[in-house]
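Have a look at the structure below before the remarks.
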Amino acid sequence: MKKGILLFLTTLLCLGLTACTEQKTTPPVSGQSSQQEVPETQISAEIADAASTSEDSHQEEPDTQSSTEVEKSQSTNLQELQSDSEDTEAPESQERKLKMLVDGQELDVTLYDTPAANALYDMLPLTLTFEDFNNTEKIAYLETQLPTEGEPDEFDPDVGDLCLYAPWGNLSIFYQDFRNSNGLISLGHIDSGMDVIANMQGNFSVTLSKNEN
(Lines give C-alpha, C1' and ligand atoms only; values in the text may rest on other atoms or scores of the structure.)
Protein backbone atom coordinates (compact mmCIF):
# COMPACT_ATOMS: atom_id res chain seq x y z
CA MET A 1 0.00 0.00 0.00
CA LYS A 2 2.75 2.43 0.89
CA LYS A 3 4.62 1.53 -2.26
CA GLY A 4 1.54 2.32 -4.31
CA ILE A 5 1.11 5.69 -2.66
CA LEU A 6 4.78 6.54 -3.25
CA LEU A 7 4.51 5.53 -6.87
CA PHE A 8 1.42 7.70 -7.29
CA LEU A 9 3.15 10.70 -5.70
CA THR A 10 6.23 10.19 -7.80
CA THR A 11 4.10 10.19 -10.93
CA LEU A 12 2.38 13.40 -9.90
CA LEU A 13 5.75 15.03 -9.19
CA CYS A 14 7.04 14.08 -12.61
CA LEU A 15 3.96 15.47 -14.27
CA GLY A 16 4.34 18.74 -12.32
CA LEU A 17 7.99 19.05 -13.27
CA THR A 18 7.15 18.42 -16.91
CA ALA A 19 4.48 21.13 -16.88
CA CYS A 20 6.89 23.62 -15.32
CA THR A 21 9.53 22.80 -17.89
CA GLU A 22 7.12 23.46 -20.77
CA GLN A 23 6.09 26.84 -19.33
CA LYS A 24 9.72 27.91 -18.94
CA THR A 25 10.71 26.95 -22.46
CA THR A 26 7.71 28.60 -24.19
CA PRO A 27 8.58 32.38 -23.63
CA PRO A 28 12.03 32.21 -25.27
CA VAL A 29 10.44 30.84 -28.39
CA SER A 30 8.00 33.79 -28.49
CA GLY A 31 10.80 36.30 -27.85
CA GLN A 32 12.96 34.83 -30.59
CA SER A 33 10.08 35.10 -33.06
CA SER A 34 9.58 38.78 -32.14
CA GLN A 35 13.27 39.47 -32.68
CA GLN A 36 13.11 37.93 -36.11
CA GLU A 37 10.18 40.15 -37.09
CA VAL A 38 12.00 43.41 -36.30
CA PRO A 39 14.36 43.29 -39.32
CA GLU A 40 11.38 42.70 -41.63
CA THR A 41 9.78 45.91 -40.34
CA GLN A 42 13.00 47.81 -40.89
CA ILE A 43 13.30 46.45 -44.43
CA SER A 44 9.73 47.53 -45.18
CA ALA A 45 10.49 51.05 -43.94
CA GLU A 46 13.64 51.23 -46.09
CA ILE A 47 11.69 50.10 -49.14
CA ALA A 48 9.06 52.76 -48.45
CA ASP A 49 11.76 55.46 -48.14
CA ALA A 50 13.37 54.36 -51.41
CA ALA A 51 10.02 54.47 -53.17
CA SER A 52 9.35 57.95 -51.79
CA THR A 53 12.81 59.16 -52.94
CA SER A 54 12.20 57.71 -56.39
CA GLU A 55 8.86 59.51 -56.62
CA ASP A 56 10.48 62.80 -55.57
CA SER A 57 13.16 62.31 -58.23
CA HIS A 58 10.53 61.68 -60.91
CA GLN A 59 8.64 64.77 -59.76
CA GLU A 60 11.80 66.90 -60.05
CA GLU A 61 12.54 65.81 -63.63
CA PRO A 62 9.74 67.90 -65.20
CA ASP A 63 11.13 71.00 -63.47
CA THR A 64 14.57 70.32 -64.95
CA GLN A 65 13.11 69.69 -68.37
CA SER A 66 11.00 72.84 -68.09
CA SER A 67 14.08 74.90 -67.16
CA THR A 68 15.98 73.52 -70.16
CA GLU A 69 13.10 74.33 -72.48
CA VAL A 70 12.95 77.90 -71.15
CA GLU A 71 16.69 78.36 -71.75
CA LYS A 72 16.35 77.05 -75.30
CA SER A 73 13.41 79.37 -75.93
CA GLN A 74 15.33 82.37 -74.59
CA SER A 75 18.35 81.48 -76.75
CA THR A 76 16.13 81.18 -79.83
CA ASN A 77 14.49 84.54 -79.10
CA LEU A 78 17.90 86.18 -78.68
CA GLN A 79 19.07 84.79 -82.02
CA GLU A 80 15.91 86.05 -83.69
CA LEU A 81 16.39 89.51 -82.18
CA GLN A 82 20.00 89.59 -83.37
CA SER A 83 18.88 88.49 -86.83
CA ASP A 84 16.17 91.18 -86.91
CA SER A 85 18.71 93.77 -85.73
CA GLU A 86 21.07 92.81 -88.56
CA ASP A 87 18.25 92.99 -91.09
CA THR A 88 17.20 96.46 -89.93
CA GLU A 89 20.69 97.97 -89.87
CA ALA A 90 21.17 100.93 -92.18
CA PRO A 91 22.64 99.96 -95.56
CA GLU A 92 26.22 100.90 -96.27
CA SER A 93 26.89 104.25 -97.92
CA GLN A 94 26.87 103.94 -101.71
CA GLU A 95 28.82 106.43 -103.79
CA ARG A 96 27.76 106.98 -107.39
CA LYS A 97 29.67 107.93 -110.50
CA LEU A 98 28.79 110.85 -112.76
CA LYS A 99 30.06 112.13 -116.06
CA MET A 100 30.92 115.81 -116.43
CA LEU A 101 31.26 117.12 -119.98
CA VAL A 102 33.44 120.26 -120.14
CA ASP A 103 34.61 121.80 -123.44
CA GLY A 104 34.12 118.45 -125.21
CA GLN A 105 36.08 116.53 -122.58
CA GLU A 106 34.51 113.96 -120.28
CA LEU A 107 35.53 114.09 -116.62
CA ASP A 108 34.85 111.52 -113.90
CA VAL A 109 32.93 112.58 -110.80
CA THR A 110 32.11 110.71 -107.58
CA LEU A 111 28.88 111.75 -105.88
CA TYR A 112 28.54 111.02 -102.16
CA ASP A 113 25.54 109.46 -100.44
CA THR A 114 24.08 112.48 -98.61
CA PRO A 115 20.62 114.11 -98.71
CA ALA A 116 21.82 117.03 -100.84
CA ALA A 117 23.90 114.85 -103.18
CA ASN A 118 21.03 112.39 -103.60
CA ALA A 119 18.70 115.23 -104.56
CA LEU A 120 21.25 116.45 -107.13
CA TYR A 121 21.52 112.93 -108.55
CA ASP A 122 17.75 112.78 -109.00
CA MET A 123 17.88 116.02 -111.00
CA LEU A 124 20.33 114.67 -113.59
CA PRO A 125 21.03 115.24 -116.39
CA LEU A 126 21.71 118.95 -115.95
CA THR A 127 23.37 121.55 -118.12
CA LEU A 128 24.74 124.47 -116.12
CA THR A 129 26.72 127.62 -116.81
CA PHE A 130 29.78 128.00 -114.59
CA GLU A 131 31.83 131.12 -113.93
CA ASP A 132 34.97 131.87 -111.97
CA PHE A 133 34.73 133.17 -108.41
CA ASN A 134 37.57 134.64 -106.38
CA ASN A 135 40.20 132.80 -108.44
CA THR A 136 39.47 129.80 -106.25
CA GLU A 137 36.36 128.07 -107.53
CA LYS A 138 33.97 127.73 -110.43
CA ILE A 139 30.33 128.28 -109.49
CA ALA A 140 26.92 127.69 -111.09
CA TYR A 141 23.43 128.44 -109.79
CA LEU A 142 20.69 125.80 -109.59
CA GLU A 143 17.08 126.51 -110.45
CA THR A 144 15.95 124.14 -107.66
CA GLN A 145 17.31 124.34 -104.14
CA LEU A 146 18.90 121.22 -102.69
CA PRO A 147 17.85 120.01 -99.19
CA THR A 148 20.31 120.80 -96.43
CA GLU A 149 18.58 119.28 -93.39
CA GLY A 150 20.87 116.82 -91.63
CA GLU A 151 23.98 118.13 -93.41
CA PRO A 152 27.05 119.51 -91.57
CA ASP A 153 27.06 123.27 -91.01
CA GLU A 154 30.58 123.74 -92.38
CA PHE A 155 33.21 122.16 -94.61
CA ASP A 156 36.92 122.61 -95.36
CA PRO A 157 37.26 122.23 -99.16
CA ASP A 158 40.26 120.94 -101.07
CA VAL A 159 41.16 120.91 -104.77
CA GLY A 160 38.60 118.89 -106.73
CA ASP A 161 35.78 119.10 -104.19
CA LEU A 162 32.25 119.55 -105.53
CA CYS A 163 30.16 121.47 -103.00
CA LEU A 164 26.92 123.31 -102.40
CA TYR A 165 27.07 126.76 -100.86
CA ALA A 166 23.72 126.73 -99.04
CA PRO A 167 23.30 130.51 -98.41
CA TRP A 168 23.43 131.26 -102.16
CA GLY A 169 22.22 127.89 -103.45
CA ASN A 170 25.09 127.47 -105.95
CA LEU A 171 27.34 124.57 -106.88
CA SER A 172 31.08 125.09 -106.39
CA ILE A 173 34.03 123.26 -107.92
CA PHE A 174 37.22 124.17 -106.08
CA TYR A 175 40.38 124.28 -108.19
CA GLN A 176 42.31 125.92 -105.33
CA ASP A 177 42.51 124.96 -101.68
CA PHE A 178 40.30 127.07 -99.43
CA ARG A 179 39.58 127.64 -95.75
CA ASN A 180 36.86 126.02 -93.66
CA SER A 181 33.60 127.80 -94.46
CA ASN A 182 30.16 127.94 -92.85
CA GLY A 183 27.26 126.91 -95.07
CA LEU A 184 29.50 124.86 -97.39
CA ILE A 185 28.24 121.29 -97.95
CA SER A 186 30.30 118.55 -99.57
CA LEU A 187 28.54 116.75 -102.45
CA GLY A 188 31.32 114.81 -104.15
CA HIS A 189 34.71 115.00 -105.83
CA ILE A 190 36.09 115.52 -109.34
CA ASP A 191 38.25 112.43 -109.95
CA SER A 192 39.94 113.52 -113.19
CA GLY A 193 40.43 116.54 -115.43
CA MET A 194 40.72 119.27 -112.80
CA ASP A 195 43.29 121.01 -115.00
CA VAL A 196 40.60 121.37 -117.67
CA ILE A 197 38.26 123.14 -115.24
CA ALA A 198 41.02 125.31 -113.78
CA ASN A 199 42.04 126.54 -117.25
CA MET A 200 38.53 127.49 -118.37
CA GLN A 201 38.15 131.25 -118.85
CA GLY A 202 34.94 133.24 -118.44
CA ASN A 203 31.61 131.47 -118.51
CA PHE A 204 31.49 127.90 -119.79
CA SER A 205 28.87 125.18 -120.12
CA VAL A 206 28.99 121.97 -118.13
CA THR A 207 26.73 118.94 -118.57
CA LEU A 208 26.29 116.57 -115.61
CA SER A 209 24.84 113.11 -116.24
CA LYS A 210 24.66 109.71 -114.59
CA ASN A 211 27.36 107.24 -115.46
CA GLU A 212 25.35 104.11 -116.29
CA ASN A 213 28.43 102.02 -117.13
Side-chain angles (χ1 to χ4, degrees), residues 74-213:
Q74 292 176 345
S75 177
T76 301
N77 292 338
L78 179 59
Q79 291 176 353
E80 291 177 353
L81 289 174
Q82 291 176 343
S83 177
D84 293 341
S85 177
E86 292 175 356
D87 293 339
T88 56
E89 286 181 356
E92 294 183 358
S93 175
Q94 294 183 349
E95 298 179 346
R96 287 159 294 190
K97 298 297 182 179
L98 307 183
K99 293 184 295 183
M100 177 180 287
L101 187 61
V102 180
D103 195 25
Q105 301 185 61
E106 191 173 281
L107 314 182
D108 296 323
V109 181
T110 296
L111 198 64
Y112 301 145
D113 185 11
T114 68
N118 292 337
L120 177 62
Y121 185 82
D122 293 337
M123 295 167 59
L124 301 180
L126 280 177
T127 298
L128 304 170
T129 300
F130 278 80
E131 60 184 89
D132 190 83
F133 183 78
N134 200 29
N135 294 322
T136 303
E137 56 186 306
K138 305 293 185 180
I139 65 172
Y141 293 92
L142 295 170
E143 294 181 359
T144 303
Q145 290 186 348
L146 299 181
T148 59
E149 184 176 358
E151 298 283 3
D153 295 331
E154 57 186 17
F155 181 67
D156 186 0
D158 201 352
V159 175
D161 283 332
L162 172 64
C163 301
L164 168 69
Y165 185 57
W168 293 358
N170 64 274
L171 294 182
S172 299
I173 301 175
F174 286 86
Y175 62 92
Q176 298 286 351
D177 190 16
F178 197 60
R179 64 178 180 274
N180 185 72
S181 303
N182 292 328
L184 200 61
I185 297 173
S186 176
L187 300 175
H189 190 269
I190 312 301
D191 299 326
S192 65
M194 275 305 303
D195 56 332
V196 175
I197 295 176
N199 292 330
M200 295 299 296
Q201 302 295 321
N203 296 346
F204 60 97
S205 178
V206 172
T207 299
L208 281 171
S209 61
K210 300 175 183 178
N211 190 345
E212 304 294 350
N213 298 332

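Count residues from 1 along the sequence. None of the values given here were measured: they were computed from a predicted structure.
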Any side-chain heavy atom of L164 sitting closer than 4.5 Å to one from E151?
no
Return the CG to NE2 distance between L98 and H189, rounded to the nearest 0.5 Å.
13.5 Å
Atom pair CG (L171) and CG (L187), whose distance is rounded to the nearest 0.5 Å
6.5 Å
What pairs with M200 under side-chain contact (heavy atoms from CB on, under 4.5 Å), at least two apart in sequence or on another chain?
V102, D103, F204
Would you sort out whether L162 and T110 count as a side-chain contact (heavy atoms from CB on, under 4.5 Å), showing the intermediate values?
CA-CA 9 Å; L162 172 64; T110 296; over 6 Å; no
Considering residues, nucleotides and ligands other than Q145, do more than 12 of their heavy atoms fall under 6.0 Å from its CD?
no
If only side-chain N and O atoms count, and only distance matters, is there a donor-acceptor pair under 3.5 Å linking N170 with S172?
yes
Contacts satisfying salt bridge (charged side-chain N to carboxylate O under 4.0 Å, His left out) that involve residues 186-199 (not counting sequence neighbours) are K97-D191
Looking only at heavy atoms, which two atoms of A140 and L128 are closest? And how far apart?
CB-CB, 4.0 Å
What residues form a side chain to side chain donor-acceptor pair (under 3.5 Å) with E154, not counting sequence neighbours?
N180
According to side-chain contact (heavy atoms from CB on, under 4.5 Å), who are the partners of T127, at least two apart in sequence or on a separate chain?
S205, T207
Which residue pairs pass the salt bridge (charged side-chain N to carboxylate O under 4.0 Å, His left out) test when at least one of the two sits in residues 164-180, sequence neighbours left out?
none
Which residue pairs pass the salt bridge (charged side-chain N to carboxylate O under 4.0 Å, His left out) test when at least one of the two sits in residues 137-149, sequence neighbours left out?
D132-K138
Determine the minimum heavy-atom distance between C163 and L184, stating which atoms define it.
CB-CD1, 3.9 Å
With N118, which residues qualify under side chain to side chain donor-acceptor pair (under 3.5 Å), at least two apart?
R96, D113
Minimum heavy-atom separation for Y112 and A117, please, with both atom names.
O-CB, 3.1 Å
Within this structure, what is the CD1-CD1 distance for the pair I197 and I173, rounded to the nearest 0.5 Å?
4.0 Å
How many angstroms lie between CG in D156 and CZ in F174, if you round to the nearest 0.5 Å?
9.5 Å
Considering non-hydrogen atoms only, spot the tightest contact between P125 and S209 and give its length.
CB-CB, 4.1 Å
Applying side chain to side chain donor-acceptor pair (under 3.5 Å) to N182 and not counting sequence neighbours gives none
Residue list, side-chain contact (heavy atoms from CB on, under 4.5 Å) with T129, at least two apart or on another chain:
N203
Let me see the working for E95 and L111 under side-chain contact (heavy atoms from CB on, under 4.5 Å), right down to the final yes or no.
CA-CA 6 Å; E95 298 179 346; L111 198 64; over 6 Å; no
Contacts of N134 meeting side-chain contact (heavy atoms from CB on, under 4.5 Å) (sequence neighbours excluded), chain-then-number -> T136, F178
Going by the salt bridge (charged side-chain N to carboxylate O under 4.0 Å, His left out) test, which pairs reach into residues 181-190, not counting sequence neighbours?
none
Pairs in or reaching into residues 131-153: which pass ring-ring contact (aromatic ring centres under 6.0 Å, His included), with residues at least two apart or in two chains?
F133-W168
Restricting to non-hydrogen atoms, name the atom on I185 and the atom on A166 that form the minimum distance, rounded to 0.1 Å.
CD1-CB, 4.3 Å
Looking at L146 and A119, what are the two nearest heavy atoms and their distance?
CD2-CB, 4.0 Å
